Amino acid sequence: QQQVKQSPQSLIVQKGGISIINCAYENTAFDYFPWYQQFPGKGPALLIAIRPDVSEKKEGRFTISFNKSAKQFSLHIMDSQPGDSATYFCAAAGNTGKLIFGQGTTLQVKP
Amino acid sequence: DTAVSQTPKYLVTQMGNDKSIKCEQNLGHDTMYWYKQDSKKFLKIMFSYNNKELIINETVPNRFSPKSPDKAHLNLHINSLELGDSAVYFCASSQLGTLQFFGPGTRLTVL
């Protein structure tokens, strides 16, 4: 019940395309859903986060869509750029602040 | 002006040795964490301290002992290192449990 399942494991997108990464969770006590971006040799960096009282949050080219009834959320990267090539992690947390991470998605944006 | 810093960045050591990793945050956060990222990039929480008090202690071997001398520092001491301890260890900090900021990581290699 503590798992967060993330797909796909890897993704190749052309420059200018839309990258979509999906996550699903089981624990209905989760109330905070962040996405992290990690470049090789670096620590994960918070990209965008959402709480279950909203169905969508947009920051620049990054959008989180949240479906509370389906217990799913996704990250959309619009107009994907080669500089977006990185590993993306979804995560979920409840009131303890303990982040449960998905397995990660390696995104490659081809020029 | 690094927010979360860790030392050392790389640590190569022999099996059976004892080693420590240090973490400092200058964000004024009240909570600090240790995460382990394995060779498949899976991130898993190990420990969390809030104002020097241990609040999360996952099923981690007791060879791992965190120590928090003050709320800006969280160190990780590992006794009797094993091959399976090879991983990247990340320190993170947050205020009120969300918006966790990660350090650059320490790559531990046990030979």
Side-chain angles (χ1 to χ4, degrees), chain A residues 1-11 21 23 25 27 29-54 57 59 64 66 73 85-108, chain B residues 2-10 21 23-25 27 29-51 53-60 71 74 87-109:
Chain A
Q1 205 180 17
Q2 288 291 311
Q3 278 190 316
V4 176
K5 295 182 179 178
Q6 183 172 346
S7 62
Q9 187 174 356
S10 61
L11 183 59
I21 304 170
C23 284
Y25 64 98
N27 189 344
F30 289 150
D31 63 358
Y32 174 68
F33 302 89
W35 285 89
Y36 281 83
Q37 179 189 56
Q38 186 179 26
F39 292 105
K42 304 292 185 184
L46 181 64
L47 200 56
I48 186 172
I50 198 168
R51 292 206 180 265
D53 52 346
V54 296
K57 183 173 181 180
E59 289 184 3
I64 298 179
F66 188 83
F73 58 111
S85 297
T87 301
Y88 292 81
F89 293 93
C90 64
N95 59 7
T96 64
K98 175 178 155 182
L99 280 177
I100 306 296
F101 281 89
Q103 296 87 339
T105 296
T106 301
L107 171 64
Q108 182 184 358
Chain B
T2 305
V4 183
S5 59
Q6 293 179 230
T7 53
K9 186 162 176 64
Y10 300 97
I21 306 171
C23 177
E24 177 180 1
Q25 56 96 1
L27 297 166
H29 289 165
D30 60 1
T31 307
M32 296 184 72
Y33 311 80
W34 278 111
Y35 287 85
K36 179 180 180 180
Q37 186 170 46
D38 63 22
S39 58
K40 295 184 178 178
K41 296 188 181 178
F42 185 64
L43 273 161
K44 190 174 191 311
I45 191 167
M46 300 172 69
F47 302 102
S48 173
Y49 269 76
N50 178 270
N51 283 320
E53 182 182 345
L54 182 66
I55 57 170
I56 295 174
N57 185 350
E58 291 296 291
T59 49
V60 176
K71 73 174 191 176
L74 180 62
V88 181
Y89 292 84
F90 288 101
C91 176
S93 74
S94 73
Q95 186 66 21
L96 302 176
T98 59
L99 293 177
Q100 292 184 27
F101 293 85
F102 282 73
T106 296
R107 181 174 292 276
L108 171 65
T109 303

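Chain A is the first sequence line, chain B the second, and so forth, proteins listed ahead of strands; every chain is numbered from 1. Keep in mind that this is a model prediction, so the values were computed, not measured. Below, all heavy atoms of this structure are taken into account, side chains as well, without hydrogens, waters or symmetry copies.
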Tell me yes or no: between the side chains of B:Ser48 and A:Lys98, is some donor less than 3.5 Å from an acceptor? no

Is there a side chain to side chain contact (heavy atoms under 4.5 Å, CB included) between A:Ile100 and B:Lys44 once you walk through the steps? CA-CA 7 Å; A:Ile100 306 296; B:Lys44 190 174 191 311; over 6 Å; no

Go through the atoms of A:Pro44 and report whether side chain, backbone, both or neither lie under 4.5 Å from a heavy atom of chain B. both

Which atoms of B:Glu58 approach chain A - backbone, side chain, both or neither, heavy atom under 4.5 Å: side chain

Does any part of the side chain of B:Gln37, heavy atoms only, come nearer than 4.5 Å to the side chain of A:Phe101, both counted from C-beta? no

As an exercise: rank B:Val4, B:Leu43, B:Asn50, B:Ile56 by heavy-atom pairs under 4.5 Å with chain A and give me the winner. B:Leu43

Do you know the tightest heavy-atom contact between B:Leu99 and A:Tyr36? C-OH, 4.5 Å

With a 4.5 Å heavy-atom cut-off, do B:Gln100 and A:Leu46 have their side chains touching? no

Set of residues satisfying salt bridge (Lys or Arg N to Asp or Glu O under 4.0 Å) with respect to A:Glu59, sequence neighbours excluded: A:Lys57

Rounded to the nearest 0.5 Å, what separation is found between the CZ atom of A:Phe89 and the CZ atom of B:Phe42? 9.0 Å

Of the backbone (N, CA, C, O) and the side chain (C-beta and beyond), which part of B:Lys9 lies under 4.5 Å from a heavy atom of chain A, both, or neither? side chain

By salt bridge (Lys or Arg N to Asp or Glu O under 4.0 Å) - contacts of B:Arg107 (at least two apart): none

Quick one: are B:Phe102 and A:Lys42 in side-chain contact, heavy atoms under 4.5 Å? no

